[in-house]
Protein chains: 2
Amino acid sequence: MPSALILIADGTEEMEFTITYDTLVRAGVFCTSAFVPAPASSPDEPDPPNRHPPQNPPFARGSRGINILPDTYFSPHALTADKFDALIIPGGAGGAKTLSESSPVQHLVRDFYEAKKIVGMICAGSLAALTSNLPTQPITSHPSVQSQLADKFEYSDKPVVVSGNLVTSRGPGTTFPFALTLVELLCGKAKREEVYAPMVFPVGTPW
Amino acid sequence: MPSALILIADGTEEMEFTITYDTLVRAGVFCTSAFVPAPASSPDEPDPPNRHPPQNPPFARGSRGINILPDTYFSPHALTADKFDALIIPGGAGGAKTLSESSPVQHLVRDFYEAKKIVGMICAGSLAALTSNLPTQPITSHPSVQSQLADKFEYSDKPVVVSGNLVTSRGPGTTFPFALTLVELLCGKAKREEVYAPMVFPVGTPW
């Protein structure tokens with residue numbers, strides 16, 4: 001059974017997280033969501049508005065206020081590239097900032113990438129390709145962060161860009177084709193078709 | 001500011017819940033999610049596999065294993081049709097069973113419907129139109145429950161069916177057009193367009 005590690009933080013776009021996780025589970029992928037806390041504020045800075053006090057169990061407050069209980073805390077020692085077939089970085093401005101600026105997450109991204117595991121990034125989550133210093137290659141992202149990526153990468157406005165084992169996408173509206181592309185890469189084309197039908201996409205849907 | 005009450009239970013399809021809630025929040029709709037517990041088992045019956053012991057705060061275990069912390073418990077005395085502009089019943093077989101078979105939920109559906117508030121149902125959530133004894137009219141649902149609805153209602157396979165103040169839809173793949181239809185009805189066409197653009201739907205998306 002393929003497996004995927006899906007990171008989540010306060011401010012993660014909950015549609016991007018949920019559509020990806022749910023679609024992968026439908027395909028039989030064993031998914032683990034792991035919470036990455038925002039860095040502690042320095043004494044001079046007020047808490048950002050999307051931080052909440054530590055909870056037990058922890059929960060991530062999504063970008064539009066849906067609270068999701070992750071499966072576990074992110075631990076760089078326990079959650080390593082040899083244990084999963086894919087790593088997913090969802091978007092949402094606040095969540096993507098926490099994930100892409102985390103040094104342990106950057107190391108994890110490089111470990112997955114170099115081990116030829118699937119690395120999926122969507123929306124502002126694509127910033128992690130930059131902060132993790134992945135090689136220059138085709139990429140896409142939410143248009144709002146295009147300018148930060150366009151110098152280093154070969155920027156595309158396709159809904160999903162597959163560049164070797166790096167899979168990037170644009171936003172909530174492209175999350176279904178992003179997730180279905182991940183299913184195809186992890187489980188094959190037949191599984192993608194099996195998962196697709198019961199979702200009841202409208203006639204004419206371009207994915 | 002328009003407001004919506006979105007019900008959730010163990011087994012709710014988390015994509016349908018999340019896409020609807022998030023899209024409505026993007027449009028400025030004040031959303032409240034309310035948890036409806038599964039009925040207590042009789043002594044002869046084992047607990048169904050998707051029930052969990054009561055938690056504080058409660059959480060709903062989605063159909064594909066994502067745990068969501070609802071905003072509140074469902075209380076038929078506190079959460080009444082006069083306090084909201086819309087009521088939403090998401091799908092997912094287990095969640096829709098709990099919601100559609102709950103007598104307080106059935107009363108709430110009728111209260112919203114008779115007060116001409118928007119009543120939205122998607123996927124197996126459309127079963128609540130039957131159990132709440134809404135009048136015969138055009139409806140759609142997930143194909144898996146079509147046979148239960150086709151005798152009483154004028155069944156359609158359109159992605160979204162607007163019949164007066166009853167709005168029904170089919171499954172995860174139709175949740176974006178369902179949610180955007182709710183935005184248009186609650187907030188107007190201009191707001192729908194404002195919300196649509198930053199979601200970055202692929203060219204050719206038929207909604």
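In what follows, chains carry the letters A, B, and so on, assigned in the order in which the sequence lines appear, proteins first and then strands, with residues in each chain numbered from 1.
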- Item | Chi angles and distances behind the side-chain contact (heavy atoms from CB on, under 4.5 Å) call for A:Leu149, A:Val145 | CA-CA 7 Å; A:Leu149 296 166; A:Val145 299; 4.2 Å; yes

Give, as side chain, backbone, both or neither, the part of [X] having an atom under 4.5 angstrom from any heavy atom of chain A.
X        : value
B:Pro70  : neither
B:Pro172 : both
B:Val203 : backbone

- Any side-chain heavy-atom pair from B:Val195 and B:Thr23 closer than 4.5 angstrom? yes

- Message: Is it true that A:Ser156 and A:Thr140 share a donor-acceptor pair across their side chains at a distance under 3.5 Å?
- Response: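 No - no donor-acceptor pair under 3.5 Å links their side chains.
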
- Message: Checking side-chain polar atoms at under 3.5 Å, does B:Gln146 have a donor or acceptor matched by the opposite partner on B:Ser141?
- Response: no

- Determine the option with the most heavy-atom pairs under 4.5 angstrom with chain A, choosing from B:Asp157, B:Ile66, B:Thr205.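 When all of B:Asp157, B:Ile66, B:Thr205 are compared, B:Ile66 has the most.
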
- Less than 4.0 Å between a side-chain N and a carboxylate O, is that true for B:Arg26 and A:Glu13? yes

- Message: Shorter than 4.5 Å, heavy atoms on both sides: which option in A:Gly171, A:Pro143, A:Pro206 has the most such pairs with chain B?
- Response: A:Pro206

